[in-house]
Amino acid sequence: MCRDAVLGPIFWAAFRARTREEREWIYPKGPPVVCVRGRDPVRILIIGDGAAAGCGVLIHDLGIAGFLARDVAQYSGRGAIVIVSAQPAASARSTLGCLASVDLDGYDAIVLMLATTDAFCLTGRRSWQRSMTGLVEALMSARCASVFVTSTASMHLTRSISPFARMLTGRHARMLDGETERICSRLGVPMITLTAVNDLTSRTYATWGHRIGTHIYPALRR
């Protein structure tokens, strides 16, 4: 039996235990939306796991949603509305299962930010392929202008795990990113590579927000 298949359930149990320790996790309070006033606002939906949910900051304005909204508004000269649909421990499979309850229509862009949970829990290659393919195809079928997928986003959880676990999850993240790149290439969807980090802070989200924004800008001009 593959080592990842043996260790995956163990890592998953550890991950779920850590995510239940709410005192050690900081997430934004209040409605998961950031608005920048202006004409004809750009509407963006972010779907994903802990990083998309704003892990590490107290308000969404300091998370990925806030920085992306301000970056897009500044570039476009328009307003911006960024809505977040994310769960801290979301996997590709669980996200696909919940997608039917999310209104996907009418957005100028949808950004899919996953793989952190799946990397830590050593999700199998075939399971990841099925779930991510289903997710991307579903998003593409929605009435929105553009779909973007990001690479794995690191989480500060990795500071508390052993070097061996960090090695395994890092290797697994690279494998998942490779599969995601192939899926995106086949379906014609841009994949955005996020800068690797050891912690999630407002500085990290500022960097990622700008990075994602530079890919969304050209789509707004079409």
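Not measured: the values here are computed from a predicted model.
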Discussion item. Just verifying a value: how many Å separate Leu96 CG and Leu135 CG, rounded to the nearest 0.5 Å?
Written reply: 4.5 Å
Worksheet entry | Side-chain donor-acceptor pair present, Thr204, Thr207, cut-off under 3.5 Å | no
Discussion item. Looking at Asp105 and Arg143, would you say the former's side chain and the latter's main chain have a donor-acceptor pair under 3.5 Å?
Written reply: yes
Practice prompt. Let me see the working for Arg43 and Asp108 under salt bridge (charged side-chain N to carboxylate O under 4.0 Å, His left out), right down to the final yes or no.
Written response: CA-CA 5 Å; Arg43 299 185 74 247; Asp108 295 289; over 6 Å; no
Worksheet item: Hey, is the main chain of Ala90 close enough, under 3.5 Å, to the side chain of Ser94 for a donor-acceptor pair?
Response: no
Discussion item. Quick check against the 3.5 Å criterion: does Ser127 have a side-chain atom that pairs as donor or acceptor with the backbone of Thr123?
Written reply: no
Fill in: Gap between atom CE of Met132 and atom SG of Cys184 - 0.5 Å precision
6.0 Å
Discussion item. When you compare the side chain of Ile26 with that of Val57, does any pair of heavy atoms fall below 4.5 Å?
Written reply: no
Fill in: Residue pairs fulfilling side-chain hydrogen bond (donor to acceptor under 3.5 Å, both in side chains) with at least one residue in residues 53-72, sequence neighbours excluded
Asp71-His210, Asp71-Tyr217
Practice prompt. Under the side-chain contact (heavy atoms from CB on, under 4.5 Å) rule, what do Ile46 and Met113 come out as? Steps first, then yes or no, please.
Written response: CA-CA 7 Å; Ile46 300 177; Met113 296 183 67; 3.9 Å; yes
Fill in: Test log, rule side-chain contact (heavy atoms from CB on, under 4.5 Å), inputs Ile81 and Ile44
CA-CA 6 Å; Ile81 300 174; Ile44 301 172; over 6 Å; no
Practice prompt. Report the distance from atom CE of Met191 to atom CD of Glu181, rounding to the nearest 0.5 Å.
Written response: 6.0 Å
Response to the item:
dist Leu62:CG -> Arg203:CZ (nearest 0.5 Å) comes out at 13.0 Å
Worksheet item: Taking atom types as modelled, is there a side-chain donor on Ser151 or Asp177 under 3.5 Å from an acceptor on the other?
Response: no
Response to the item:
Note: Gly79 and Ala73 closest approach over all heavy atoms is C-CB, 4.4 Å
Worksheet item: Does a sphere of radius 6.0 Å around CD in Gln87 hold more than 12 heavy atoms from other residues, nucleotides or ligands, not counting ones at 6.0 Å or beyond?
Response: no
Discussion item. Donor-acceptor check, side chain of Trp128 to backbone of Ala92, threshold 3.5 angstrom: yes or no?
Written reply: no
Item to complete: Would you mind telling me which of Leu112, Ile110, Leu187 makes a side chain to side chain contact (heavy atoms under 4.5 Å, CB included) with Val149?
Response: Leu112
Worksheet item: Do Thr214 and Ile192 pass the side-chain contact (heavy atoms from CB on, under 4.5 Å) test, and can you show the C-alpha distance, the side-chain angles, and the key distance before you say yes or no?
Response: CA-CA 10 Å; Thr214 58; Ile192 305 172; over 6 Å; no
Item to complete: Is it possible for you to say whether Tyr107 and Val34 belong to one hydrophobic cluster, with membership spreading through side-chain heavy-atom contacts below 4.5 Å?
Response: no
